[in-house]
Amino acid sequence: MAKTKPNKLKARLPRGFVDRSAADIRATDAMLAKIRGVYEAYGFDPVETPAFEYTDCLGKFLPDTDRPNAGVFSVQDDDEQWMSLRYDLTAPLARHVSENINEIQLPFRSYRAGWVFRNEKPGPGRFRQFMQFDADTVGAPGVQADAEMCMMMADTMEALGIPRGQYIIRVNNRKVLDGVMAAIGLGDPEDAERRLTVLRAMDKYDKFGSEGVRLLLGEGRKDESGDFTKGANLSATAIDAIIEILEASAIDDLIDDRNDLTFKTAALSKLAINEEFEAGFSELKLISDLVTSAGYKADRISVDPSVVRGLEYYTGPVYEAELLFDVTNEKGEVVQFGSVGGGGRYDGLVKRFTGRDVPATGFSIGVSRLMTALKNLGKLKDDAVLAPVLVTVMDGDTESLARYQKMTQDLRSAGIRAEMYQGNWKKFGNQLKYADRRDCPLAIIQGGDERAEGVVQIKDLIEGKRLSGEIADNVTWRESRPAQISVPEAELVETVKRMLAEQADDRAKSGTEGAGA
RNA sequence: GCAGACGUAGCUCAGUUGGUUAGAGCGUCGGAUUGUGGCUCCGAAGGUCGUUGGUUCAACUCCAACCGUCUGUACCA
């Protein structure tokens with residue numbers, strides 16, 4: 001061969017995207033089935049929308065021509081209309097409901113799982129394509145719908161095998177936060193920017209603790225690399241009040257509602273309670289009563305005034321599911337996992353399209369994130385599916401191939417996963433090597449000698465692997481043909497069945513760890 | 001987006017003050033062994049040293065820009 005080297009195309013995956021292995025796909029499928037089971041039990045029906053939407057329907061401003069892909073992946077259609085890959089499943093649902101509002105019976109209860117795309121900087125456990133599994137009730141004005149969502153999230157966590165006490169559904173209300181904003185003097189429309197800064201700072205309580213949040217609420221914070229984040233410049237009293245909210249474990253720690261509603265902590269009590277806050281508080285009270293009487297105590301669903309989510313479009317109750325156990329990543333570091341799902345009430349989203357008030361509430365579970373966590377909890381088997389039995393090929397003539405193929409089909413007909421070797425049959429050693437690397441449980445062997453006697457060899461590859469530790473010399477290893485039995489051709493299927501059952505018993509006895517719930 | 005660290009074989013990494021032919025382990029492939037996985041031994045393939053430009057007699061090594069990866073931070077529907 002000449003030394004000329006063609007320009008080989010470099011095989012590469014776009015950053016922030018991943019290929020999924022057989023084990024991942026099977027684990028995801030199993031998870032989705034469990035989640036779906038809960039949603040179906042609550043009376044939700046599946047609805048699916050496409051991956052692309054017109055950009056304006058997603059609620060994003062028209063992409064400006066310089067950076068049409070900021071945050072979202074956008075392309076221009078033939079007619080120059082901007083289209084984008086969806087970045088969540090809620091906006092497309094609002095579009096679907098609005099477009100079919102005359103045919104849809106409200107309240108409309110639906111669920112959907114799908115890939116969503118975000119054009120952002122990827123990080124560990126953070127991808128530009130990931131899966132969400134949503135459930136929404138559209139056309140339900142009462143907070144009882146929100147309460148139901150919280151209970152359904154809690155049930156989903158447990159259906160996935162997360163024990164009670166290892167997760168918590170935390171509930172808050174945008175009206176409560178808006179009321180607090182007004183109380184600290186940020187209620188005017190022109191304060192919108194500072195309000196956002198304050199809410200974002202509150203959202204970072206988990207990450208930076210109260211000291212970090214204090215800085216962000218005040219003058220600003222410098223991070224480890226020396227980069228400076230500007231703060232909200234609140235007064236000392238306002239900062240203290242917000243820290244009190246963040247540090248409270250329940251809303252009753254902050255509020256005295258025996259007669260009139262009053263704040264009872266030091267800094268908050270200097271502020272006046274307003275109508276907005278009061279409305280939010282009574283909604284939270286109602287949700288709490290509803291879920292409590294349905295048997296969901298505070299160890300599962302808890303009102304927590306520090307929850308901040310979806311600053312853009314949530315209008316009332318907001319809720320999120322948080323895992324409480326430690327998660328260790330591949331490098332052995334403990335990572336803060338935080339929220340694996342969340343949602344809230346979005347009363348304005350359908351109105352954008354229809355002009356009608358169509359209140360809605362729903363939540364989203366981050367399937368990919370949750371799967372990473374479940375792996376750590378040992379709730380996912382590595383691969384639940386057994387590799388196939390391999391029928392090896394000793395002779396390549398048509399008649400022999402037909403016999404091997406027939407054996408393979410007989411095994412399949414008996415419900416046994418089986419395949420005939422499809423590589424180069426002349427290298428017999430490679431066939432067993434292939435079987436070994438695929439983790440095949442058994443190999444079927446029939447050469448001319450066996451054929452003449454009307455028998456087949458069945459080799460137990462699992463047992464053989466165990467025996468290999470005791471044999472150092474290759475010639476002995478080959479000639480002893482470990483863990484291999486010879487049976488009449490007619491008994492092939494039943495013997496394979498029996499041996500697979502014995503292997504399954506062994507696995508059940510020794511390897512009970514990692515068994516899924 | 002901002003700030004910092006880092007880019008050498010498929011993977012993990014050596015590579016001296018700038019010096020002639022860039023190495024190792026693992027993995028891959030072939031052979032010892034044409035009908036038996038593992039172990040062992042022998043052999044082979046595999047590199048635009050991230051890219052482009054600059055300094056120099058000479059660059060994997062120094063400089064710049066770009067690309068990519070990682071970390072922190074910002075944004076996150």
Side-chain angles (χ1 to χ4, degrees), chain A residues 1 5 7-8 10-16 53 58-61 67 70-72 84 86-92 94 116-124 126 128 130 132 134 196-197 200-201 203-204 207-208 212 216 220-230 308-314 331 333 339 342-344 346 349 364 366 390 392-395 424-440 442-451 457 459-484:
Chain A
M1 274 233 295
K5 186 177 289 180
N7 287 334
K8 278 185 297 183
K10 171 104 175 156
R12 61 207 180 107
L13 193 59
R15 68 199 193 100
E53 295 280 348
L58 288 178
K60 205 68 187 173
F61 300 100
R67 293 186 58 201
V72 298
S84 299
R86 62 188 177 193
Y87 50 79
D88 69 10
L89 298 175
T90 310
V116 300
F117 304 83
R118 296 189 186 177
N119 193 0
E120 298 169 336
K121 179 186 152 185
R126 215 176 141 165
R128 290 155 99 194
F130 55 96
Q132 293 192 329
D134 282 33
L196 268 182
T197 309
R200 282 171 190 153
D203 206 14
K204 301 218 160 51
K207 206 166 175 182
F208 299 150
L216 286 170
R221 178 180 180 275
K222 197 186 280 187
D223 72 38
E224 290 164 31
S225 66
D227 205 21
F228 185 74
T229 309
K230 235 179 83 189
V308 183
R309 305 188 51 88
L311 304 170
E312 303 277 333
Y313 63 51
Y314 290 132
K331 295 176 195 162
E333 301 157 340
S339 140
Y346 49 98
L349 224 48
S364 176
L390 183 74
T392 59
V393 175
M394 202 67 99
D395 297 300
N424 178 9
W425 61 271
K426 288 177 181 168
K427 309 251 187 213
F428 186 71
N430 284 350
Q431 301 197 36
L432 288 183
K433 203 172 185 178
Y434 168 87
D436 189 43
R437 293 198 181 177
R438 281 208 66 178
D439 288 322
C440 291
L442 302 174
I444 311 301
I445 302 165
Q446 187 189 54
D449 300 345
E450 289 86 358
R451 172 68 188 150
Q457 308 255 12
K459 191 177 185 69
D460 184 333
L461 294 167
I462 312 286
E463 178 67 2
K465 183 177 289 187
R466 197 183 63 73
L467 292 173
S468 78
E470 298 161 12
I471 305 172
D473 164 50
N474 185 255
V475 176
T476 316
W477 161 243
R478 291 173 64 173
E479 286 176 355
S480 70
R481 297 187 176 179
Q484 191 168 323

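This structure is a prediction, so every number in the text was calculated from the model and none was measured. A note on names: the letters A, B, ... follow the listed sequences, proteins ahead of strands, and every chain is numbered from 1.
Side-chain N/O atoms of A/Lys427 include none lying less than 4.0 angstrom from OP1 or OP2 on B/rU36. Phosphate proximity of B/rA77 to A/Arg86: absent, as no side-chain N or O sits under 4.0 Å from OP1 or OP2. Between A/Trp477 and B/rU36 there is no side-chain polar atom (N or O) within less than 4.0 angstrom of OP1 or OP2. Contact between the side-chain N/O atoms of A/Arg437 and the OP1/OP2 oxygens of B/rU28 is found at a separation under 4.0 Å.
The residue A/Gln484 sits close to a base: some heavy atom pair falls under 4.0 Å. Among the atoms of the strands shown, base atoms are found under 4.0 Å from some heavy atom of A/Arg126. Within the 4.0 angstrom heavy-atom criterion, no nucleotide atom of any strand lies near A/Leu467. Contact annotation for A/Lys204: backbone-only contact, meaning every heavy-atom pair under 4.0 Å involves sugar-phosphate atoms and none involves a base. Residue-level contact check: A/Ala472 touches the bases, meaning some heavy atom is under 4.0 Å from a base atom. Residue contacts for A/Arg118: at a heavy-atom cut-off of 4.0 Å it reaches a base atom on one of the strands shown. A/Gln132 comes within contact range of no nucleotide atom at all, as no heavy-atom separation falls under 4.0 Å. Within 4.0 Å of A/Gly464, counting heavy atoms only, lies at least one base atom of the nucleic acid. In this structure, A/Lys121 reaches the bases: a heavy-atom distance under 4.0 Å links it to at least one base atom across the strands shown.
Remark: P of B/rG35 and NZ of A/Lys433 are 13 Å apart, rounded to the nearest angstrom. In this structure, A/Asp395 places its CG atom 12 Å from C1' of B/rU34, rounding to the nearest Å. Taking atom NZ on A/Lys222 and atom P on B/rU73, their separation rounds to 15 Å, with Å as the unit. Atom P of nucleotide B/rC76 and atom CG of A/Asp88 are separated by 14 Å, given to the nearest angstrom. For A/Asp203 and B/rA74, the CG to C1' distance is 13 Å, given to the nearest whole Å. The distance from atom CG of A/Asn119 to atom P of B/rC76 is 16 Å, rounded to the nearest whole Å. For A/Asn474 and B/rG35, the CG to C1' distance is 14 Å, given to the nearest whole Å. Rounded to whole angstrom, the span from the CG atom of A/Leu196 across to the P atom of B/rA74 amounts to 15 Å.
To the nearest 0.5 Å, atom CG of residue A/Leu461 and atom OG of residue A/Ser468 are 11.0 Å apart. Summarising the geometry, atom OH belonging to A/Tyr434 is positioned 12.5 Å from atom OG1 belonging to A/Thr392; distances are rounded to the nearest 0.5 Å. The distance from atom CG of A/Asp460 to atom CD of A/Gln484, rounded to the nearest 0.5 Å, is 10.5 Å. For the atom pair OG1 of A/Thr229 and CG of A/Leu216, the computed distance is 6.0 Å after rounding to the nearest 0.5 Å.
The base of B/rG35 sits within donor-acceptor range of the side chain of A/Glu450, with an N or O pair under 3.5 Å.
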Worksheet item: If pairs are Watson-Crick or G-U with both distances under 3.5 Å, what is the dot-bracket string of RNA chain B, marking crossing pairs with [ ] and pairs to another strand with |?
Response: (((((((..((((.....[...)))).(((((.......))))).....(((((..]....))))))))))))....
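With centroids closer than 5.5 Å and planes inclined by less than 30 degrees as the test, A/Tyr313 and the base of B/rA77 fail to qualify as a stacked pair.
Sorted by first and then second residue, the salt bridge (Lys or Arg N to Asp or Glu O under 4.0 Å) pairs with a member in residues 428-438 of chain A read A/Glu419-A/Arg438, A/Asp436-A/Lys465; sequence neighbours excluded.
If A/Asp436 and A/Asn430 are placed on RNA chain B by their nearest nucleotide, the residue sitting closer to the 5' end is A/Asn430.
If you take atom C1' in B/rA58 and the same atom in B/rG18, they sit 8 Å apart, rounded to whole Å.
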